[in-house]
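Let me begin by presenting the structure, written as C-alpha cells, before commenting on it.
Just so we're on the same page: letters track the sequence lines, and every chain starts at 1. All values below were derived from every heavy atom in this structure, side-chain atoms included, with hydrogens, water molecules and symmetry-related copies excluded.
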Amino acid sequence: MATELDYSFPAMGSDIRLLIGQPLAPRMPAALEAADREKAFVLDFAQRLSRFRPDSDLSALNASPARQVPAGDLLRLAVRAGLWAARRSEGLVDPTLLDALRRVGYDHSLQDEIPASLAEAMASAPARWPAHPHPEAAWRRVRIDDERGLIERPPGLAIDTGGTGKGLCADMVARHLALYSRYAVDCGGDIAVGGVGAQLDPYMVEVEHPLTGAPIGSIAVTQGGVATSGLNVRIWRRADGSFAHHLLDPSTGEPVWSGLVGATALGATALEAETLSKMALLMGPEGARRVLAERGGVIIHDDGGAEVVGIVQGSVNLLAPAGL
Amino acid sequence: MTAAAMAVTTDSARPPVRRRSATDRLTVILFATAAFLAVLTLLISQLHMAPARARMVVVRRLYQTTVVETVIGRRAGGTSVSRSTSSSGSTPAAAPVPTTRVS
C-alpha cells in the first residue's frame, strides 16, 4: 500500500505544500518527520531572504555601504540564482530592480492587502508593449566569491531575490526529498516534482486562471518544475490613480503591460520554470511563444483566452471564462 | 435330462457367451478411443485454424483516498497536515493535486 503525506503551511506570503511519498532507503525519516524538517528549512529560508525584514541577511547586504559584503551560503546561493535567471533571460528577469520596485509602490509586503482589480487595471493600462532589458545591465556588476564568502556589487545597488526565491526554495526542498518515492514541493505555485513514483504516475498539476482563480486544466509533470507568473496578485492603485504591479520592464522601471495577464511554464527545475514564466509574461504573446516552445507552457491573454505553447501533456480549456 | 447331460449342455454354452462379452468390450473401447481421437483431432485442427488474437492487457489503477490524520494549526505559522492513504480499491478518488498559480 502506497501512502503520500500532504502537508501545508504558510510562508513567504504564500501557502507552501509538500506531498511526500515513502522513504526509499533504510533509516530515513518517515514522510511526516521529513516534512517537519523541511518546514523549518523553508521558514528559515524565508526569514533570511526577506527584503521586508530589517534583520534578514538580504537586508543586511542591501544596507551595507561596503563594496564587498560577507554573505552566508544561503544568501550567496539566492543571489546566484537571481543572476542565473538574469543570464537565462538576457536581462529581462533582473534582480537589481529593487529601487524601481520601491518607486512604483512595492515598498512593503502586500501579503495582507486586497489586490486591485486587474480588469480595471487593464482597461486603463497604456498600450501593450513587450519589456526589454536595461541597457546598463547592472546585474552584471554583481560578483560572488564563494571562497571568501563575499558578495561584491557597487554600493547602493540593491538586490532582490524575490523574483526567483520561491523557485529556488522549491528546488532545494525537492533535493532534500530525493530519496523518497515521489514528491511535489509547491512554494506558492512554483512547484518542483520528482521521484521514481512520479515518473510512473505523474502529478497532474492544475493551472489556475489569473483572472478567475479557477483551474483551467491540468498538466502532467513527471520531473522538474512548473511555475506561473501573473499580474493579478501583486497589483495596486497608485496615488495618482494609475495601476501598478510587481513585474517591471527593466528598461523603464515601470510595470509592463505586454498583452498577457498570466504565463505558466515548465522547466528542468522550478527555478527555470519561474524564470521562463516571468520571461514569457514580460515579452508578451509573440516572445512568450518563442520562450515556452522548448519546454512547454500556457499563456493567458488579456481577454482571458488561454493558449498552449509547445508540447504539454494534459488538458487546458482555451476559452476565455464567461463574463470577462 | 440327466445331470450329466445338463452339465454338458452348460459347459458347451459358456464359451460362446464369454467370447461375445469380450468382443463387445473391445468394440466399446475401440469406439471410445476412436471418438476421443476424433474429437481431439477436431479440437487441434480448430486451434490451428483459429485466427491469432492480440493479447489485451487491461491495467486499472484505482485509488481510495482517506484522511487518517488532520491537524489544523493557527493561521499564522500554523501547519495543516492531512495524511492521504492511496491504495488499490473499488472507490476511485482524486489523488492530491498541486496547483500552479500566481503568488
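- Residue B/T100 forms a side chain to side chain donor-acceptor pair (under 3.5 Å) with just one option from A/T264, A/D186, A/T228, and that option is A/T228.
- Residues B/V97 and A/R17 approach most closely at O-NH1, 2.8 Å, considering heavy atoms.
- Taking all atoms of both residues into account, the shortest heavy-atom contact from B/V102 to A/P210 is CG2-CB, 4.4 Å.
- Environment of CG in B/L40: crowded, with over 12 heavy atoms of neighbouring residues, nucleotides or ligands closer than 6.0 Å.
- Looking only at side-chain heavy atoms (C-beta outward), A/L19 and B/P98 come within less than 4.5 Å of each other.
- Taking a 6.0 Å sphere around CD of A/Q199, one finds it holds more than 12 heavy atoms contributed by other residues, nucleotides or ligands.
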Determine whether B/R101 and A/D190 satisfy the following criterion, salt bridge (Lys or Arg N to Asp or Glu O under 4.0 Å), listing intermediate values before the conclusion. CA-CA 8 Å; B/R101 62 192 176 278; A/D190 294 347; over 6 Å; no

